[in-house]
Asks: 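Encoded as structure tokens, here's the structure I'll be asking about.
A quick note: this is a predicted structure, and the numbers were derived from the prediction, not measured. Residue numbers start at 1 and run along the sequence shown.
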Amino acid sequence: MIVAADFIKSAKARDSEFTTNHEDQPLVVQFAAKDAHVLADAALLVCPFAGGIDLNCGCPQRWAMSEGYGACLINQPQLVSDMVKQVRSRVENQRFTVSIKIRIHADITKTVDLCQKAEAAGVSWITVHGRLTEERHQPVHYDAIKVIKDSLSIPIVANGDIRSLKEAETVHQITGADGIMAARGLLANPAMFAGYEETPMSCIKDWVDIALEHGTPYTCFHHHLMYMMEKITSKQEKRVFNVLSSTSAVIEYLRDSYAM
């Protein structure tokens with residue numbers, strides 16, 4: 001989630017927050033925004049390099065909510081619609097997608113109203129995280145996602161606590177959603193949608209090769225490996241691996257421990 005206002009003001013912010021390459025497709029860039037003109041400006045900056053943008057209307061973090069970003073936007077359907085319309089009118093590429101990611105209301109009719117207004121404004125699809133703004137680890141309300149799916153014509157993507165391919169298939173059956181989005185599940189296991197229960201070593205090797213080829217910053221490179229190796233390393237191994245401080249140290253560790 002990139003803060004659109006900072007992104008359009010600062011070349012330094014753009015260089016820090018957004019890097020890509022020609023192989024990184026399909027690509028959707030997610031922004032936090034609360035102003036239609038600002039979001040459209042940000043969309044114009046990334047449209048030569050991406051296939052679409054997504055407006056975050058689901059982040060429940062306190063800092064985002066206090067700034068008027070994220071999940072508080074589900075209570076401002078007109079503003080959300082205006083932001084979608086503005087991007088639609090200013091980006092000339094008709095294939096450029098404009099999507100939103102939301103949480104749900106306790107009164108699901110309010111969420112349906114939000115989604116229908118966004119659909120009328122031209123939103124491409126909607127991802128629904130099936131929890132209320134104040135919920136964190138409570139069970140996901142997949143029944144609410146189904147209600148939204150049954151009320152709209154555009155694609156609906158289900159999100160929330162999906163950590164295996166089997167769970168993805170189950171959520172699809174329950175909700176009838178057109179797609180599944182996973183976050184923490186894919187961070188821990190990027191091969192999840194291929195049916196793996198834990199990250200295979202071939203996937204870890206692929207990530208190392210990609211990171212070295214494209215000059216991925218060390219913090220990002222190491223952080224993803226920490227997620228990917230969570231289930232396959234012991235507490236003692238984590239204590240060693242998680243404090244490594246250079247790419248060369250990581251590669252040496254993987255070579256010595258896993259013959260990579």
Asks: Which is it for L212 and I251 under the side-chain contact (heavy atoms from CB on, under 4.5 Å) test, yes or no, and what are the steps along the way?
Replies: CA-CA 10 Å; L212 292 178; I251 292 171; 3.8 Å; yes
Asks: Looking at A249, is its backbone amide N or carbonyl O close enough to the side chain of E252 to form a donor-acceptor pair, meaning the two atoms are under 3.5 Å apart?
Replies: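 Not at all, since once roles are kept as given, no pair shorter than 3.5 Å links the two residues.
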Asks: With a 4.5 Å limit on heavy-atom distance, are the side chains of T133 and I74 in contact?
Replies: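 T133 reaches I74 side chain to side chain.
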Asks: Check whether any side-chain N or O of W207 sits under 3.5 Å from a backbone N or O of S202 as a donor-acceptor pair, and report yes or no.
Replies: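 No, because the side chain of W207 does not come within donor-acceptor range (under 3.5 Å) of the backbone of S202.
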Asks: So, does R103 use its side chain to make a donor-acceptor pair with the main chain of L132 at under 3.5 Å?
Replies: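 It does hold such a pair.
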Asks: Just wondering, more than 12 heavy atoms not from H214 lying within 6.0 Å of its NE2?
Replies: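 Above 12, so yes.
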Asks: Flag the pair M229 / Y258 as yes when at least one side-chain heavy-atom distance between them is below 4.5 Å, and no otherwise.
Replies: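 The answer is yes, as the side chains (C-beta and beyond) meet within the 4.5 Å cut-off.
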Asks: Between R163 (side chain) and R184 (backbone), is there a donor-acceptor pair under 3.5 Å?
Replies: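 The answer is no, because no donor-acceptor pair under 3.5 Å joins these two groups.
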Asks: Under a 4.5 Å cut-off applied to non-hydrogen side-chain atoms, are P60 and R136 in contact?
Replies: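 Side chain of P60 against side chain of R136, heavy atoms only: contact under 4.5 Å found.
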Asks: Are the side chains of M260 and I204 in contact, using a 4.5 Å heavy-atom criterion?
Replies: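 Heavy-atom side-chain distance check passes, below 4.5 Å.
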Asks: What residues, two or more places apart in sequence or in another chain, satisfy salt bridge (Lys or Arg N to Asp or Glu O under 4.0 Å) together with K205?
Replies: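 Salt bridge (Lys or Arg N to Asp or Glu O under 4.0 Å) check on K205 returns D209.
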Asks: Under a 4.5 Å side-chain heavy-atom rule over Ile, Leu, Val, Met, Phe, Trp and Tyr, are L225 and M192 clustered together?
Replies: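 Each belongs to a different hydrophobic cluster.
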Asks: Show your working on side-chain contact (heavy atoms from CB on, under 4.5 Å) between E135 and H141 and close with a plain yes or no.
Replies: CA-CA 11 Å; E135 291 181 325; H141 305 284; 3.1 Å; yes
Asks: To the nearest 0.5 Å, how far apart are CD1 in I126 and CD1 in I145?
Replies: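 Interatomic distance, I126 CD1 to I145 CD1, rounded to 0.5 Å: 12.0 Å.
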Asks: Do NZ/NE/NH1/NH2 and the carboxylate oxygens of D6 and R14 come within less than 4.0 Å?
Replies: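 Here D6 does not pair with R14 in a salt bridge, since their nearest N and O are not under 4.0 Å apart.
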Asks: Within a strict 4.5 Å, meaning less than it, do heavy atoms of the D178 and W125 side chains meet?
Replies: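 In short, these two side chains do not touch, never coming nearer than 4.5 Å.
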Asks: Do you know which two heavy atoms are closest between T175 and Y142, and how far apart they sit?
Replies: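 In terms of heavy atoms, the two residues are closest at CG2-O, 3.4 Å.
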Asks: Is a side-chain donor or acceptor of N189 paired with a backbone partner of Y196 at a separation under 3.5 angstrom?
Replies: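 Checked: pair present.
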Asks: Would you say V128 and M181 are hydrophobically clustered, going by side-chain heavy atoms of ILVMFWY under 4.5 Å?
Replies: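 In one cluster with V128: M181, no.
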Asks: So which atom in I100 and which in C57 form the shortest heavy-atom distance, rounded to 0.1 Å?
Replies: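 Where I100 meets C57 most closely, the heavy atoms are CB-SG, 4.4 Å.
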Asks: Please give me the minimum heavy-atom distance between R239 and Q236, naming the atom from each residue.
Replies: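 R239 and Q236 have their closest heavy atoms at NH2-OE1, 3.0 Å.
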Asks: Decide side-chain contact (heavy atoms from CB on, under 4.5 Å) for T97 and I53; before the verdict, give the C-alpha distance in whole Å, the side-chain angles of both, and the deciding distance to 0.1 Å.
Replies: CA-CA 6 Å; T97 63; I53 63 140; over 6 Å; no
Asks: Taking a hydrophobic cluster as the set of Ile, Leu, Val, Met, Phe, Trp and Tyr residues connected by side-chain heavy atoms closer than 4.5 Å, whether directly or through intermediates, do F96 and V28 fall within one such cluster?
Replies: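 They do not share one cluster, since no chain of ILVMFWY contacts under 4.5 Å joins F96 to V28.
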Asks: Same cluster or not: are M1 and F18 linked, directly or through other Ile, Leu, Val, Met, Phe, Trp or Tyr residues, by side-chain heavy atoms under 4.5 angstrom apart?
Replies: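 Different clusters.
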Asks: Restricting to non-hydrogen atoms, name the atom on I232 and the atom on E198 that form the minimum distance, rounded to 0.1 Å.
Replies: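 Here I232 and E198 meet closest at CG2-OE2, 3.5 Å.
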Asks: For S124 and R95, which I'm curious about, is there any donor-acceptor pair between the side chains at under 3.5 Å?
Replies: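 No, R95 and S124 have no side-chain donor paired with an acceptor closer than 3.5 Å.
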Asks: Would you say S248 and S246 are linked by a side-chain donor-acceptor pair, where the criterion is simply a distance under 3.5 Å?
Replies: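 Judged by distance alone, the side chains do pair up.
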Asks: Hey, which of N56, D54, N159 is the one that makes side chain to side chain donor-acceptor pair (under 3.5 Å) with K101?
Replies: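 Option passing the side chain to side chain donor-acceptor pair (under 3.5 Å) with K101: N159.
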Asks: Given side chains that start at C-beta, do those of E237 and S234 come closer than 4.5 Å, heavy atoms only?
Replies: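 Result yes, sub-4.5 Å side-chain heavy-atom pair found.
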Asks: Under 6.0 Å from the NZ atom of K238, do we count more than 12 heavy atoms belonging to anything else shown?
Replies: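 Count over threshold, so yes.
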Asks: Is any side-chain heavy atom of Q116 closer than 4.5 Å to a side-chain heavy atom of L152?
Replies: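 When only atoms from C-beta onward are counted, L152 and Q116 do touch, with a gap below 4.5 Å.
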Asks: Quick check: do V91 and V98 have side-chain heavy atoms less than 4.5 Å from each other?
Replies: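 Side chain of V91 against side chain of V98, heavy atoms only: no contact under 4.5 Å found.
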Asks: Checking the side chain of Q86 only, and the main-chain atoms of L39 only, is there a donor and an acceptor separated by less than 3.5 Å?
Replies: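 No, because the side chain of Q86 does not come within donor-acceptor range (under 3.5 Å) of the backbone of L39.
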Asks: Which residue pairs pass the side chain to side chain donor-acceptor pair (under 3.5 Å) test when at least one of the two sits in residues 60-84, sequence neighbours left out?
Replies: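 Listed once each, the pairs are Q61-W63, N75-H105, Q78-D82.
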Asks: So, for L187 and Y227, which heavy atoms are closest and what is the spacing to 0.1 Å?
Replies: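 Nearest heavy atoms, L187 then Y227: O-CB, 3.3 Å.
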Asks: Can you list the steps and then say if H224 with C220 is a side-chain contact (heavy atoms from CB on, under 4.5 Å)?
Replies: CA-CA 6 Å; H224 277 288; C220 177; 3.6 Å; yes
Asks: So, for I156 and A177, which heavy atoms are closest and what is the spacing to 0.1 Å?
Replies: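 Heavy-atom minimum between the residues: O-CB, 3.4 Å.
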Asks: If you group Ile, Leu, Val, Met, Phe, Trp and Tyr by side-chain heavy-atom gaps below 4.5 Å, do V157 and V147 land in one group?
Replies: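 No, no single cluster joins them.
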Asks: Taking atom CD of E134 as the centre, does the number of heavy atoms from other residues, nucleotides or ligands within less than 6.0 Å exceed 12?
Replies: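 Yes, CD of E134 has more than 12 neighbouring heavy atoms, counting only those of other groups under 6.0 Å.
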Asks: When you measure from the side chain of T199 to the backbone of A188, do you find a donor-acceptor pair of N or O atoms at a distance under 3.5 Å?
Replies: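 Side chain of T199 to backbone of A188: a pair is present.
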Asks: Is it true that H222 and F241 have ring centroids separated by less than 6.0 Å?
Replies: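 Between H222 and F241, the centre distance is under 6.0 Å.
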